[in-house]
Every structure is written in structure tokens, then in C-alpha cells.
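None of the values given here were measured: they were computed from a predicted structure. Lettering of chains follows the sequences in order, A, B, ..., and the numbering in each one begins at 1.
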Amino acid sequence: MVSLFSVEGLSGLLFFCFIGLTLAGAVIATSARSLIRSVAGLALCFLGVAGLYYYLNSPFVALMQILIYVGAVCVTIIFAVMLAGSSELKQLTQRNGLVGPLAILASGILVFALAGLALKTEWLAAPCLVNRGTVEDLGQSLLTTYSMSFELISVVLLVAVIGSLVLARQGRDK
Amino acid sequence: MKLMLFAPELFLLLGSLVLFLLSTGKVGGKTARAVTLTLALGSVLVCFACLRQEGTLFFEAYRIDFFSQLIKLVIALGFAVVLLFSTELKGVDDEIRPEYYLFLTLSTLGLLMLVSSVELLTMLIALELSSYSLYLLVPMRDDRTGVRMQMESAIKYILFGVVATGVMLFGMSYLFGLTGTTYLVDLLPRLHQMMGSPAALIAIAMVLGGFFFKLAVFPFHSWVPDVYQGASNETTAFIASVPKVAAVAMLIRLTALATPEGQAIVTMLIILSVCSMFYGNLVALVQTDMKRMLGFSGIAHAGYVLLGLVTMQEVGYAASLYYIAGYLVMNLAAFLVICKVSEHGENLAVDDLSGLHKRAPLLALTLAVSMFAMAGIPPFVGFMGKFMLLTGAYKAGHLPLVILAAINTAISIYYYLSVVRVTYSASPEDRPAVLVGGVSKMVSVALVLVIIAMGLLPDQLLELATEAVRAIL
């Protein structure tokens, strides 16, 4: 038994905190009534995920996660929400009373199955340290092993940029 | 020479650069279409020239073999045919047509890259490239009806697509966790030893999910009717045909990760196949919109294609490839007629085809041949394809599945033939004659001939398909 106040114990506690943060953020994001609160939940969730990346030995990716997702993506969404200027969203359709319990039941089964799967399966022992997750290592694998994905993703980004321009331009005329 | 290995993709990539430059200036749809058409025809030639190339690129993440090259040729042909008959692009504003063609080209590029990817991450990104471009094509339809139907369709398409991608990524993470590699070459032997482990089976099933979405297999089918209805006719023609070829190719690559000992995967494929067939055919019976009907029929056809995968044998895989190639041709023929008959790019109800044999005899014939072929009536390709799938599944010992598929074929005859009935026996009333350009006439004649030829001479094609499948097993 590892003592809670040893290094491992504290880091384990922190790890669970990050998991809790991720889950809590996700729950807030999906269940909040107002959009702004949902976005805040999303930001919380992203923060938790960044913590998990840190534990996966990728400090750089964790930093980028905070910078891009929390810093940029969430802020952009907030901009969009404010520009759209929608007031509190009303629930458009009256939900069937059975939907809630059934949803809980279904997701409960899913969680149970996946958790069982994760516990029962013999996962590969954490593969030997691939690299130390530094910027150099990341750059090297992006330009060697994953060069194809790296180049291809720039085309995907190009599509996204042009696409958003085209759609936005079309919208303004109308 | 390494350049030849990558030539088809490079050609389209450079072409899309040209289109991108065009889209930054004030160029109308006509020029953009001419460029894209040249590009498409050129890429067919390049794909043909590279048919026998073999090798790997990009640190083994990208493999060129006869399988991938054959599929690339089929995809390039489909792309060229869609461009040949969508002469006017009626449903899209002239201003944004260069971008429209750019996305169409990039989507094809994504599909070409997809069929050569043998590494999970590369596969994912290639798939996303083709999907993103398609997501964008849907809302680019002009808003004639004023109800912004195309926006709703696009949002649905994106959301379902994202969920499918999420499921696939989750499965990929399991595969990595189990084997510690993302390369299919290394995954294959390791997973074959793990067929008893539920995690391996669930992982494979989840990764398959991403491609079930593309192929519109039940339960990843919900986007189909709305997207088909909301997208402009030419867009739907592309979405409904070309990506499905790539999806089947990838499904074959990934199903090969499992062996028949992984009974759960076989059972899952059987259930999905039966559900897709029944759902697609039964719902198609009551459709009045032509594109919606073809959408549901597409779900049913996806079910038929799975019959080949269920066998998990070379013969079955080859039959699936043959069938999806045939489906591409039949479907393109049907959409050619829809695009031409639709005067201003509006959606067509089945009744709008009334008396088509008087208004445009050639189109009526094309539609009739296409419908007969889809219904599986000899001597057309649909019959031969279904015959091979059914015999393949029967030999592999799936008799109940074969019977259910045969029942479904019978159900589908009703709605396919009722379209033929409307075109040939209903009176045109005051519907105008349909003008068809010379090129479109040639394309429709060519499609009809291919549908018949593929049905009459399946042996050579099946041999090609078998050779292709052998290259990856």
C-alpha cells in the first residue's frame, strides 16, 4: 500500500483529480442550460485532458492542449455565441418521460461493459519509453514516421479554412 | 521510380492547387469545370498508367499494391463520370463553383489516399480529408426553397460523421493498447492470435464503424435520407457512389484483421447486413422523393455488400468489390437521369418522371436499365453481383442469411420497377421535354453498356478483383 503522502500517492491523487476534472467538465458541458456555461464546462474538460497528457509523458502536448483548446477554441465558441446573441435556449420539444431513465440505463450498460473490458483485458505493458515527449522528439517523429499524416493534415486545414470562408461569405449576402 | 508510386495523388494535389488559385480570382463555374474535368480525365489516365505499381512510401505508412491501384482507378472513373454529366451544376451559385470543384477534387484525393493507407492515423486523416470536403459540399447548394434545408442536412451529416469518427478513434486506441502498433502489417498477425479476446473484437468492430458510416450501413445510416435530400443533385450523385467504393475497400482491409474464429465479428456483420437490407428496402417502399428512395436503396445495397465480408474469404471479398463497382455504375446512371430531368436543380419526386420515355427516350432507357440492374434482374450487373454474393455466403455456410437476402431482393423489385412503370406508362401531361447534351448522351450510353457488359462478362472482372484482394491478404 502506497502512503498517500509519498510522491506516488500524491501524484496518484493528482491523476484522479484530473480525471474528475475531465468528467465534471463533460457533464457540465452537456447538461448546462445556458450555452456559456456549457462552454465553460468544455474548457474545464479540456484542462483535465491536458493534465492526462502530462501524465502520459507529453508535457508539450499538454501545453498545446491548454493553449489551443482552452485558449483559442473555447474563446472562439464564446465569440460565436455572443455574436449570435441567442437568449436562453428553450427546450423545443417536450421530452418523453421515459427518455431520461432509458438514457441512464443505456449509458450505464455501456460504462459497465467498457469498464469490464478495460479491467479484464491484458493490456500490453506500457510500451518502453518511446521518447521523452520533448519538442525535438515530437518534431522528429512528425517529420519521419508520421510525415504523411503531417503533410495531409495541412490539406485538411486548408479545406476547413476555405470552407468556412465560402460558407460565411454565402451567408452574409442573404 | 518512387514518383510513379505517388503519381495519381500528386496529380490531383497539383490540380487542386490550380483550382485553389482559380478560386482566388474572379473565375466563373465554366472555367473551373473545364479545369476539373481535364483533371479528372487526366487522373483516370494516370491511375491506369500506375495500375501495376508496387511499393511503400512515407516510412511504410502508405502502401501501393494492385488492390489500392485498382480501387483508385475505379474512384477516378467515378469522379470523371460525375463531372462529365454534371454539366451545369444547377443547384450551386456560380460564384462559389470554383470552390465547389476544389472540394470535390480534394475529396477524391482523400479517397485515393485512404485506399493506400496502411497505418491507422494516416487512414483517419485521409478519411477526414474526404469527409470534410463532402460536409462542405452539402451546404453550398443555393437556398431556393428558403427553408435552408441544405444547412440542416449539412449539420446532421457533420454530427453523425463526428460520432462515427469518434467511435473509430476509440477503437483505434484499443488496437494500439492491445498491440502497441498502428501499422496494419504488424497488427494483422498479432490480432489473429487474439481472436479469443473480447477487447480485440470490439476494437475491430469500432474501427469498422467509421467505414460503416461512409457506406451507410445500419446503425450508421441515419444521415443518408436527409443528406441526399438536402444536397444538390450533383453532390448527391458523388456522395452516393464514389466514397462507398473506398469504404468497401477499407472494410475489406480491416475485416482481414479478424479471422473466422472471431465468431463475434461474423455475427455482428450478419446482423448489420440483415438490418440494413430490411430497413433500407422496407422504408424505400414508401418514398416519393427520388433521391430519398435511392438513399434507402443504398442502405439496402450496403447490406448486400456485407454478405461478401461475412464469408471472410478471398472469394467473398472479391464479390464485394465487384458488387460495389457495379453499384457505382448503376447508381451513377440513375443520378445522371435525375440531374438531367431536374430542370433547375430542384429535387425530383418519382411522379416527375412521368412519361419520360416521350420526353427523353434515352434517359428513360438509362433509368430503366439502372433500375432493373439495381433490382437484380439478369443480364445486368446487379444480378451477377448479387448472385456471386449469395453463392459465396451460401458456400461459407450462411444459409439463413442467403434466404433473407433473397427475400429482400424480391421486396426491392417493387419500388425499382414502379419507377420504370412511371417512366414508361404514365402520361407526361404538361411536363416539358428534357434537353440532353451530346456528352451526357454519350455518358449515359456508355453507362448502360458497362452495366450490361459487367453483367455478361463477370469472369474477367472477378479475376481482377480476386487478384487485387490477394495482394492484401
B/Phe6: partners by ring-ring contact (aromatic ring centres under 6.0 Å, His included), with sequence neighbours left out: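 Here the qualifying residues are B/Phe58, B/Tyr62.
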With rounding to the nearest 0.5 angstrom, report the OG1 to CG distance, B/Thr165 to B/Leu127.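 Here the interatomic distance stands at 6.0 Å.
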From A/Ser58 OG over to A/Leu63 CG, what is the distance, rounded to the nearest 0.5 angstrom?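 One gets 12.0 Å once the value is rounded to the nearest 0.5 Å.
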Could you look at [X] and say if it's the side chain, the backbone, both or neither that has a heavy atom under 4.5 Å from chain A?
X	answer
B/Ala126	both
B/Leu106	side chain
B/Glu119	side chain
B/Ile202	side chain
B/Tyr100	neither
B/Met123	neither
B/Leu57	neither

Residues in residues 103-118 of chain A near chain B [non-hydrogen atoms, under 4.5 Å]: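 A/Leu114, A/Leu117, listed by number.
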Of all heavy-atom pairs between B/Ala246 and B/Leu114, which one has the smallest distance, and what is that distance?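 Scanning both residues completely, I find the closest heavy atoms to be CB-CD2, 4.3 Å.
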Would B/Tyr101 and B/Ser23 count as having a side-chain donor-acceptor pair, cut-off 3.5 Å?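 Per modelled atom types, B/Tyr101 and B/Ser23 side chains form no pair under 3.5 Å.
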What residue, out of B/Thr182, B/Leu136, B/Ile125, has the most heavy-atom pairs lying under 4.5 Å from chain A?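 The answer is B/Ile125.
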In terms of heavy-atom proximity below 4.5 Å to chain B, should A/Phe150 be classed as side chain, backbone, both, or neither?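 For A/Phe150, neither part sits under 4.5 Å from chain B.
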Any pair counted as side-chain hydrogen bond (donor to acceptor under 3.5 Å, both in side chains), so long as it reaches residues 102-116 of chain B, sequence neighbours left out: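 Every pair satisfying side-chain hydrogen bond (donor to acceptor under 3.5 Å, both in side chains) with a residue in residues 102-116 of chain B: B/Ser68-B/Ser116, B/Lys72-B/Ser116.
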Heavy atoms of other groups near [X] [atom1], more than 12 under 6.0 Å:
X	atom1	answer
B/Tyr183	OH	yes
A/Tyr54	OH	no
A/Tyr69	OH	no

Applying side-chain hydrogen bond (donor to acceptor under 3.5 Å, both in side chains), name anything that partners B/Tyr157, two or more places apart in sequence or on another chain.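 B/Tyr157 satisfies side-chain hydrogen bond (donor to acceptor under 3.5 Å, both in side chains) with no residue once adjacent residues are dropped.
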